[in-house]
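Hydrogens, waters and symmetry mates play no part in the numbers below; they use all other heavy atoms, side chains included. Position 1 is the first residue of the sequence, and the numbers go up from there.
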Amino acid sequence: LHQYLKHARNYSLLMASFIQLAVGVVLLPFLARGDRLSLLEAGVVIVTQLISKAAWMNWQLRQSVQQLKSANRQVRLVNWLGALVIFGLSLLVSVWVGLVAGVIAFITSVDGVGKRWQQGQLAWQSLIANENGRMMVLYRFFNLCTDVPQVKATVKRRRDLEPLWRLVVGRSKNPYMFLCTRGLGRDSDTFGLITRLTVIGMLILIFLTNQCASLVVMVLAIYLIGFQLLPFYSEYDNKVFTQLFPVTKSQQLAAFKTVLTNVLSLCAVLFVIVDVVVNWSWLRLIIDVAALALELVIFIGWYSGWRLRKS
């Protein structure tokens, strides 16, 4: 099993090195320009990164025989501090000093997975917990933009948003209006997805000055948010009590479209505010409002109804 873990380490290191090397080659001009490094020095930084990665994985391998949680925490601390020191030396002192530090860290890590490591007993519970944690990191990353079944949803009342729910529902007597509004607010998956996509779109807009690029980002973000919300229309179809609501299918669709309009309009307003504040001009404001208003009319007035009836 120890040899199996070593082979797995080698395979993972090889695949990660190819990706890091490819990304590093793409970033070479930016490193040379931004940090005022020569191409040779920028290449040394990339090599230092690869060596540090190998040392990191060796320490992770050594952690597989650590039975105590305190020892695992010490290994993780050494990993993070070592990486920070190595790249701090590379960028702040000299790339050659950083390279030497990376080589020393690698030699030390190789000694850590020697004969003494091979004779140690594998910490199965720790290995399983680490693997589950690693997979959850990937699932949470993918969950930023789409629903992932492995990430379980939770329900939160969100008392601080109660006035907003009452404002949205208003005096409507359609129970689906109330159900969709409260459901979207309390469902952590859906509410979190809307929030994340909105925040990501706003952050991207902060760094864009080209109006065409900003329009593309805003239109795409609104479409993604709306598209991810469409399955929520049938969220409560299998609930027996919703069958007792005195509403027709057309009233149910109208209530959902109203909620969809409120959500997408709020996101569109936030996008326009960020884009106009960063790059102020009356022409930009008019174009942004016109483009997003047209998208909302098409998406809500035609596409959402066609998509929901089709499904």
Could you grab the distance from atom CG of Leu260 to atom OG of Ser265, nearest 0.5 Å is fine? 8.5 Å

For Val216, side chain to side chain contact (heavy atoms under 4.5 Å, CB included) partners two or more places apart: none

Would you say Val44 ends up clustered with Ile107 if hydrophobic residues are merged whenever their side chains have heavy atoms under 4.5 Å apart, either directly or through other cluster members? yes

What are the two closest heavy atoms between Leu229 and Val263, and how far apart are they? CD1-CG1, 3.8 Å

Pairs in or reaching into residues 13-23: which pass side chain to side chain donor-acceptor pair (under 3.5 Å), with residues at least two apart or in two chains? none

Would you check if Phe256 and Leu308 make a side-chain contact, meaning some heavy-atom pair closer than 4.5 Å? yes

Taking a hydrophobic cluster as the set of Ile, Leu, Val, Met, Phe, Trp and Tyr residues connected by side-chain heavy atoms closer than 4.5 Å, whether directly or through intermediates, do Val100 and Val103 fall within one such cluster? no

Taking C-beta and beyond as the side chain, do Leu89 and Leu99 meet within less than 4.5 Å on heavy atoms? no

Would Leu193 and Arg196 satisfy side-chain contact (heavy atoms from CB on, under 4.5 Å), going step by step from the backbone distance to the final call? CA-CA 5 Å; Leu193 188 63; Arg196 288 190 295 268; 4.2 Å; yes

As an exercise, state the distance from CG of Leu266 to OG1 of Thr261, rounded to the nearest 0.5 Å. 12.5 Å

Could you check Leu205 against Val278 for side-chain contact (heavy atoms from CB on, under 4.5 Å), going step by step and ending with a plain yes or no? CA-CA 8 Å; Leu205 289 173; Val278 175; over 6 Å; no

Taking all non-hydrogen atoms of both residues into account, name the closest pair between Ile222 and Ala268 and its distance. CD1-N, 3.7 Å

Do Phe18 and Leu13 have side chains that get closer than 4.5 Å, going by heavy atoms? no

All heavy atoms of Leu283 vs all of Gln211, minimum pair found to be O-NE2, 4.3 Å

Would you give the length of the straight line joining atom CG of Leu220 to atom CE of Met218, rounded to the nearest 0.5 angstrom? 11.5 Å

Could you go step by step and tell me if Leu292 and Glu295 meet the side-chain contact (heavy atoms from CB on, under 4.5 Å) rule? CA-CA 5 Å; Leu292 293 184; Glu295 182 186 16; 3.7 Å; yes

Is there a side-chain contact between Leu40 and Val95 (heavy atoms, below 4.5 Å)? no

Using a distance-only test with no angle check, is there a side-chain donor-acceptor pair under 3.5 angstrom linking Asp275 and Ser214? yes

Does Trp280 CH2 have over 12 foreign heavy atoms under 6.0 Å away? yes

Verify the cluster assignment for Leu270 and Ile206: are they in a single hydrophobic cluster under the rule of side-chain heavy atoms below 4.5 Å apart? yes

Taking only residues two or more places apart in sequence, or in another chain, which ones meet Ser12 in a side chain to side chain contact (heavy atoms under 4.5 Å, CB included)? Met57

Common cluster, Leu285/Val269, ILVMFWY with side-chain heavy-atom separation under 4.5 Å: no

Reported CG-to-CG distance for the pair Leu203 and Leu208, which is rounded to 0.5 angstrom: 11.0 Å

Show your reasoning for whether side-chain contact (heavy atoms from CB on, under 4.5 Å) applies to Cys267 and Ile194. CA-CA 9 Å; Cys267 295; Ile194 297 171; 4.3 Å; yes

Side-chain heavy atoms nearer than 4.5 Å, only ILVMFWY residues, links allowed to pass through others: does that put Ile287 and Trp282 together? yes

Shortest non-hydrogen contact from Phe299 toward Tyr223: CE1-CD1, 3.7 Å

Spacing of Ser304 atom OG and Ile298 atom CD1 [to the nearest 0.5 Å]: 12.0 Å

What's the spacing between Phe271 CZ and Asp288 CG if we round to 0.5 Å? 11.5 Å

Side chains of Trp56 and Phe106: closer than 4.5 Å at any heavy-atom pair? no

Please name the pair of heavy atoms, one in Arg284 and one in Thr209, separated by the smallest distance, quoted to 0.1 Å. NH1-O, 3.2 Å

Taking all non-hydrogen atoms of both residues into account, name the closest pair between Gly102 and Ile86 and its distance. CA-CD1, 3.8 Å

